[in-house]
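Heads up: the structure comes next, in structure tokens.
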Protein chains: 4
Amino acid sequence: MNIVRGRPRSEASTQAVLAAAERLFGTNGYSRTSIEAIAKAAGVGKQTVYRWWPTKSHLAAAIYEQLAPSSKIAPNTGALQSDIAAMLRSLFTAYTSGPAAALLSGLIVEAQGSDESVMDFRAVFFDERRIITTDLFDRARNRGEIPLSADIDLLSDMLIGAIWMRLLAGHAPLDGAFAEGLAANLVAAASAEPTQTPRTPDLEAS
Amino acid sequence: MNIVRGRPRSEASTQAVLAAAERLFGTNGYSRTSIEAIAKAAGVGKQTVYRWWPTKSHLAAAIYEQLAPSSKIAPNTGALQSDIAAMLRSLFTAYTSGPAAALLSGLIVEAQGSDESVMDFRAVFFDERRIITTDLFDRARNRGEIPLSADIDLLSDMLIGAIWMRLLAGHAPLDGAFAEGLAANLVAAASAEPTQTPRTPDLEAS
Amino acid sequence: MNIVRGRPRSEASTQAVLAAAERLFGTNGYSRTSIEAIAKAAGVGKQTVYRWWPTKSHLAAAIYEQLAPSSKIAPNTGALQSDIAAMLRSLFTAYTSGPAAALLSGLIVEAQGSDESVMDFRAVFFDERRIITTDLFDRARNRGEIPLSADIDLLSDMLIGAIWMRLLAGHAPLDGAFAEGLAANLVAAASAEPTQTPRTPDLEAS
Amino acid sequence: MNIVRGRPRSEASTQAVLAAAERLFGTNGYSRTSIEAIAKAAGVGKQTVYRWWPTKSHLAAAIYEQLAPSSKIAPNTGALQSDIAAMLRSLFTAYTSGPAAALLSGLIVEAQGSDESVMDFRAVFFDERRIITTDLFDRARNRGEIPLSADIDLLSDMLIGAIWMRLLAGHAPLDGAFAEGLAANLVAAASAEPTQTPRTPDLEAS
DNA sequence: TCCTAACCGAGACGGTACGTCACGTCTTTTT
DNA sequence: AAAAAGACGTGACGTACCGTCTCGGTTAGGA
């Protein structure tokens with residue numbers, strides 16, 4: 001029957017830790033926030049943090065889940081371009097409000113460590129996002145909007161990559177214009193027939 | 001006359017540090033390599049490391065400069081698609097041989113810290129790359145290959161972002177097929193007339 | 001109710017540190033012993049040393065307390081001269097066995113730093129010793145052995161100072177003959193009536 | 001013929017170093033002053049300091065020589081008590097003006113190091129002082145002022161030790177009253193016949 | 001109503017690395 | 001040959017956090 005004995009997990013502590021972590025990540029950045037500081041700010045024992053979130057990135061992932069749960073549903077407007085644009089707008093809202101950007105930056109850092117954490121991280125962010133974008137492109141292909149030969153993996157990389165560029169490098173904003181332009185360009189790319197039959201000449205051969 | 005006084009910087013130490021850092025970054029990863037360990041491995045005082053490379057990311061940048069100097073020249077084949085493909089192929093060669101991937105991953109991590117380091121990092125990588133891609137697209141626009149209305153900033157984000165996606169997430173290789181496909185897709189995106197006149201309907205309105 | 005929270009201080013670590021410090025001070029001397037080395041020799045984290053003994057001189061003081069606790073009781077033989085001699089003999093036994101000499105030498109060094117540490121040091125050594133000697137002379141005065149006019153502060157300085165001279169400069173041993181002679185001389189000095197009524201002529205006036 | 005070739009020692013540098021050292025020792029204390037800081041303050045290369053003063057204590061000794069050269073001559077007033085008092089007064093003048101106290105404190109620290117430095121130090125301070133006091137007592141003995149049995153070594157220890165007590169512990173000033181009282185007490189001690197024929201009873205036997 | 005298990009806060013523990021300071025030596029050009 | 005300048009390898013400093021561990025003190029079933 002899997003009965004649980006002993007004192008149950010404290011909901012108050014859980015929330016205090018998440019709130020403190022979110023605040024500190026947002027204020028000082030992910031890498032400059034220590035678990036020690038989070039525990040202290042939450043008024044909680046260090047052990048309690050380690051018991052429920054084995055690493056700092058688990059904490060970050062938990063906060064990401066709290067912050068951007070709605071962005072997991074792929075929009076369905078009937079047209080690829082507006083699907084992409086809608087997805088981007090809802091995503092940008094989640095990313096530009098609150099400390100989400102700092103968290104995501106921190107996550108990718110951790111993901112470079114060991115192989116396991118790369119897997120962890122992909123599951124949390126990249127793959128989740130890839131599933132949505134793949135779904136969008138798939139539906140468009142099924143509708144005949146884009147040719148069967150379209151490389152959906154590649155298109156997804158371009159889409160998600162462009163978002164990351166702005167997110168990480170910060171040279172330009174995540175705004176509506178960016179959403180519209182990106183959507184339009186991706187539709188154009190996806191729609192093109194694969195006409196590159198003659199192999200592009202090598203740089204050396206030019 | 002700008003005369004230099006005092007004992008000159010030791011070239012041997014400089015090279016020993018760079019070699020040790022390159023090896024350790026490649027072996028253990030960027031974040032699991034300490035400056036202490038680099039100094040010890042190089043047979044050099046810690047102060048000597050700190051004197052010339054104030055932070056670990058400066059060291060990484062220096063190694064990047066050493067590893068990928070050739071990738072700074074924009075290819076010129078006369079056609080946008082082959083220009084991009086050529087650039088990608090030479091870039092991939094630099095990235096997939098040696099510990100460059102680990103270094104670049106580490107760099108982006110550090111770049112999330114304070115505002116100053118973001119600037120540092122952009123100067124080293126993003127902006128440098130952006131200059132090259134912008135140059136490619138500019139020439140194509142001047143040749144009339146792509147319309148004047150093409151958003152070059154956006155195209156650059158898609159191009160560089162796609163590379164980063166593969167580099168960081170590692171779900172697919174940086175190979176010739178990727179280079180060809182990406183080049184073709186970007187040409188298609190760039191060539192498209194801006195037809196998104198009717199504003200895409202909102203997600204809520206669907 | 002003064003309840004104690006958190007993990008209690010480790011008695012094993014405490015003893016290990018004191019033992020290591022005593023050994024190293026004795027072997028290498030006070031100033032050539034680093035806290036780093038003490039921690040390592042004790043198999044203890046550096047922080048643990050710093051937590052309980054903020055400075056090296058605190059450590060030295062703690063060892064002094066351990067080594068010479070018996071010397072704190074003023075002897076009472078009924079005669080000033082034998083009181084002093086007895087005190088000196090018990091003191092010399094404590095000082096000449098073990099690394100006490102090196103420790104005391106070290107302490108006086110540290111005491112020269114800031115004003116606060118001078119206070120610290122006086123409390124630990126000088127004042128403690130002064131209390132005992134003052135007690136000896138006081139009792140002798142009350143017994144009528146020495147005149148009321150005897151300058152007890154001055155006599156104490158001569159007594160303790162003579163000990164220090166031998167301890168620090170090391171030109172002659174701390175032995176029984178020294179104890180006897182010092183005791184006799186101090187009794188003679190203390191017993192003398194203050195006959196120096198005519199002010200001693202100045203050097204310049206001679 | 002012993003001709004010296006090459007650039008002669010710079011008198012300006014010598015003086016600059018001594019002046020800077022004296023100032024810094026006085027300001028920050030002996031142990032908190034680094035040779036690095038002295039060289040910088042003197043506007044002199046570090047090597048120049050090391051060339052002429054191999055250790056910090058050599059520097060201190062050099063300054064001591066500069067500050068208290070006159071105190072080396074034993075006064076001769078014809079009476080032991082006034083001799084001692086005169087010596088003390090001139091000594092106190094040297095010690096209480098300028099940074100001499102800090103320097104002397106520092107010296108004794110260094111003297112605890114290796115055996116060689118103890119020798120160094122004794123030569124510079126203790127022995128020099130001992131020679132003077134021994135001279136004083138000797139003359140008094142020759143004049144018949146004090147008995148032939150007087151232990152001059154012991155008397156010297158009491159005299160120099162009492163000075164050190166005040167100098168180091170700082171519980172009371174080095175003033176005229178101290179000089180007079182000390183002189184009187186020492187004369188009394190020295191004059192006493194060795195009456196301690198019956199061995200002082202042991203503490204245990206009391 | 002106890003018992004027992006798991007939680008909680010606090011904070012000490014052995015470690016690793018940090019970035020800085022000073023050491024005493026060295027290598028350069030200038031005097 | 002001595003000087004100013006300053007880089008060099010070395011070693012220690014005192015601090016910050018790591019993740020683990022032990023305390024006393026809750027807070028729930030199950031006996």
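Every heavy atom of this structure was used, including side-chain atoms; hydrogens, water molecules and symmetry mates were not. These numbers come from a predicted model, not from an experiment. Numbers restart at 1 for each chain; the letters A, B, ... are given by sequence-line order, proteins then strands.
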Discussion item. Given the structure, check if the side chain of C/K46 and the base of F/dG14 hold any donor-acceptor pair shorter than 3.5 Å.
Written reply: yes
Discussion item. Measuring to OP1 and OP2 of E/dC8, would you say a side-chain N or O of A/R51 lies under 4.0 angstrom away?
Written reply: yes
Practice prompt. Starting at atom CD1 of B/I35, determine the distance to atom P of E/dA17, rounded to an integer number of angstrom.
Written response: 12 Å
Practice prompt. For the pair A/K40 (side chain) and A/I35 (backbone), establish whether a donor and an acceptor sit closer than 3.5 Å, ignoring hydrogens and angles.
Written response: no
Worksheet entry | Whole-Å distance separating the NZ atom of A/K40 from the P atom of F/dA16 | 11 Å
Worksheet item: Within this structure, what is the OH-to-P distance between B/Y50 and E/dC21, rounded to whole angstrom?
Response: 13 Å
Worksheet entry | d(NE2, D/H58; P, E/dG24) in whole Å | 12 Å
Discussion item. Whether the side chain of A/T14 engages the backbone of A/S10 through a donor-acceptor N/O pair (distance < 3.5 Å, no angle test) should be reported.
Written reply: yes
Worksheet, complete the sentence: D/E36 CD to F/dA7 P, in whole Å, measures 11 Å
Item to complete: Give a yes/no on whether any side-chain N or O of A/T48 is located under 4.0 angstrom from OP1 or OP2 of E/dG9.
Response: yes
Discussion item. Using heavy-atom distances to pick each residue's nearest nucleotide on DNA chain E, tell me which of D/T33 and B/T33 is more 5'.
Written reply: B/T33
Item to complete: May I ask you to say what D/R9 touches in the nucleic acid, namely base, sugar-phosphate or nothing, with a heavy-atom cut-off under 4.0 Å?
Response: sugar-phosphate
Item to complete: Could you tell me whether a side-chain N or O of C/T33 sits under 3.5 Å from a main-chain N or O of C/L24, the two making a donor and an acceptor?
Response: yes
Worksheet item: To the nearest 0.5 Å, how far apart are CG in A/L59 and CD in A/E22?
Response: 11.0 Å
Practice prompt. Let me know, please, whether A/S34 or C/A37 comes out on the 5' side of the other along DNA chain F by nearest nucleotide.
Written response: C/A37
Discussion item. Using OP1 and OP2 only, check whether a side-chain N or O of A/S13 sits under 4.0 Å from E/dG9.
Written reply: yes
Worksheet item: What pair of heavy atoms forms the shortest contact from C/Y30 to C/A60, and how long is it?
Response: CE1-CB, 3.8 Å
Worksheet item: Can you tell me how far C1' of F/dT27 sits from CD of A/E11, to the nearest Å?
Response: 16 Å
Worksheet item: In whole Å, what is the span from the CZ atom of A/R32 to the P atom of E/dA17?
Response: 21 Å
Output one line per pair: protein atom, nucleotide atom from nucleotides 27-31 of chain E, and distance, for all N/O pairs under 3.5 Å.
unit_1, atom_1, unit_2, atom_2, d
E/dT31, O2, D/R7, NH1, 3.3

Discussion item. D/R51: which residues meet the side-chain contact (heavy atoms from CB on, under 4.5 Å) condition with it, sequence neighbours left out?
Written reply: D/Q47, D/T48
Item to complete: Using side-chain contact (heavy atoms from CB on, under 4.5 Å) as the criterion, list what pairs up with C/A19, not counting sequence neighbours.
Response: none
Worksheet item: How close or far is atom C1' of E/dG19 from atom NZ of B/K56, stated in whole angstroms?
Response: 14 Å
Item to complete: Would you indicate, yes or no, if E/dC13 has its OP1 or OP2 atom less than 4.0 angstrom from a side-chain nitrogen or oxygen of C/W52?
Response: yes
